[in-house]
Amino acid sequence: MSSDDSNDTDRGQQQPHMAKRRKKSYQHKFCVSWLKVPEFKSWLTESKKGSTFYHCKVCQEDHTGGISAVIQNSCTVNLDNLTKEAAIRVSMFITEHNISLRTSDHLVQLIKVLCPESETIKALTCNRTKATSIVTNLIGKYNYEDVLRRMAIQKFSLLIDESTDKGSTKHLAVVVRIVDNLSLKVRVLCLYNLSLMQRHKIFLMFQ
């Protein structure tokens, strides 16, 4: 047998071994120490799928990867949180200054023109439907629960007044005067649609 044939035989024996080495891949496992990192502990948790996964509380999904993947996901989570906060602040601004919710689309577009370099502003969306939902289901609910919590520990008085809007719908406004930090404050508790409730239930509502 010639030397060339022997070299070819050796190469043929080495190729399968080299191919097997290339197929090996390292799978990153979840580290409990990641939960102690301030940037991770608010959204990161262990996954039920196994030790090679981690679970995101924000998107409610399981992901694979090491610390680099967790850091990248953390940036996405932080951006989502900042975008949500921006939408809430825009809705609060509209409500505080008694501006029509129809202007939310134009207000967001104006902010994007003024701050084009901000990644948070680029991802911000707050149309009229979303702003209305935030005001009704988030800001309004929090304010209502906050007033009830203060009424439970402070002295207060109730003021009611009936009014009719442009659509000839009668409403009952309930306002609370409450002492908070040695100062008298007036808070709107709720607004009831009288056309949707029976008169004799108004008294029972305040018991």
Side-chain angles (χ1 to χ4, degrees), residues 38-39 41-45 56-60 77-115 118 120-207:
E39 291 80 5
K41 63 181 181 180
S42 61
W43 61 270
L44 181 67
T45 184
C56 178
K57 298 178 183 178
V58 178
C59 62
Q60 295 296 325
V77 171
N78 291 335
L79 179 61
D80 291 341
N81 292 337
L82 292 175
T83 304
K84 291 179 182 179
E85 181 181 352
I88 294 174
R89 289 186 178 275
V90 169
S91 302
M92 290 177 63
F93 176 84
I94 293 175
T95 306
E96 181 181 2
H97 296 278
N98 197 22
I99 304 174
S100 174
L101 290 172
R102 296 179 179 178
T103 61
S104 59
D105 292 323
H106 306 283
L107 180 59
V108 171
Q109 293 300 325
L110 176 61
I111 296 175
K112 288 186 176 183
V113 172
L114 298 177
C115 306
S118 174
T120 302
I121 300 302
K122 289 180 181 179
L124 174 63
T125 57
C126 188
N127 53 24
R128 182 180 63 179
T129 304
K130 184 176 181 179
T132 303
S133 178
I134 292 175
V135 172
T136 304
N137 302 322
L138 185 62
I139 301 176
K141 183 179 180 180
Y142 175 81
N143 181 76
Y144 178 75
E145 293 177 351
D146 181 64
V147 174
L148 292 181
R149 185 172 61 254
R150 295 178 186 274
M151 291 171 60
I153 59 177
Q154 300 288 349
K155 293 184 177 182
F156 65 91
S157 61
L158 292 177
L159 304 176
I160 60 175
D161 187 24
E162 184 179 346
S163 63
T164 306
D165 60 11
K166 294 181 180 180
S168 299
T169 303
K170 294 183 178 181
H171 292 87
L172 180 66
V174 182
V175 180
V176 178
R177 298 180 65 185
I178 190 169
V179 178
D180 188 14
N181 295 328
L182 301 180
S183 63
L184 183 62
K185 294 184 179 181
V186 179
R187 302 282 296 272
V188 177
L189 180 61
C190 54
L191 185 68
Y192 291 103
N193 189 344
L194 294 180
S195 62
L196 300 178
M197 61 187 308
Q198 299 177 359
R199 299 285 180 174
H200 68 278
K201 291 185 178 181
I202 298 178
F203 175 76
L204 299 177
M205 180 178 58
F206 291 101
Q207 285 188 328

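Atom CZ of residue Arg177 and atom CG of residue Leu184 lie 5.0 Å apart, to the nearest 0.5 angstrom. Put simply, CD1 on Ile99 and OG on Ser91 are 11.5 Å apart, with the number rounded to the nearest 0.5 Å. Taking CG of Asp80 as the reference point, atom OG1 of Thr120 lies at 10.0 Å (rounded to 0.5 Å). Annotation: the span from Ile111 atom CD1 to Arg89 atom CZ amounts to 12.0 Å, rounded to 0.5 Å. The CG atom of Asn143 lies 9.5 Å from the CG atom of Leu148; values are rounded to the nearest 0.5 Å.
A 4.5 Å side-chain heavy-atom check between Thr129 and Leu101 finds every atom pair outside the cut-off. For the pair Val175 and Leu158, the minimum side-chain heavy-atom distance is 4.5 Å or more. A heavy-atom distance below 4.5 Å is found between the side chains of Leu189 and Tyr144.
For the residue pair Val188 and Val147, the shortest heavy atom distance occurs at O-CG2, 4.4 Å. The minimum heavy-atom distance linking Val90 with Leu124 is given by the pair CG2-CD2, 4.4 Å. Residue Glu162 comes nearest to Lys170 through the heavy atom pair OE2-CD, 3.3 Å, listed as atom of the first residue, atom of the second, then distance. Between Val135 and Thr95, the shortest heavy-atom distance links the atoms CG2-OG1, 3.3 Å. Minimum interatomic distance between Ile94 and Ser104 (heavy atoms only, all atoms of both residues): CD1-CB, 3.7 Å. The heavy-atom pair separating Ala87 from Cys126 by the smallest distance is O-SG, 3.9 Å.
Not counting sequence neighbours, the partners of Asp146 by the side-chain hydrogen bond (donor to acceptor under 3.5 Å, both in side chains) test are Arg149, Arg150, Arg187. In terms of the side chain to side chain contact (heavy atoms under 4.5 Å, CB included) criterion, residue partners of Arg102 (sequence neighbours excluded) are, by chain and number, Ser100, Arg128. Thr125 meets the side-chain hydrogen bond (donor to acceptor under 3.5 Å, both in side chains) test with Lys130; sequence neighbours excluded.
Annotation: Lys112, atom NZ; neighbour count of heavy atoms from other residues, nucleotides and ligands within 6.0 Å is above 12. Residue Met92 places its CE atom among 12 or fewer non-hydrogen atoms of other residues, nucleotides or ligands, all under 6.0 Å distant.
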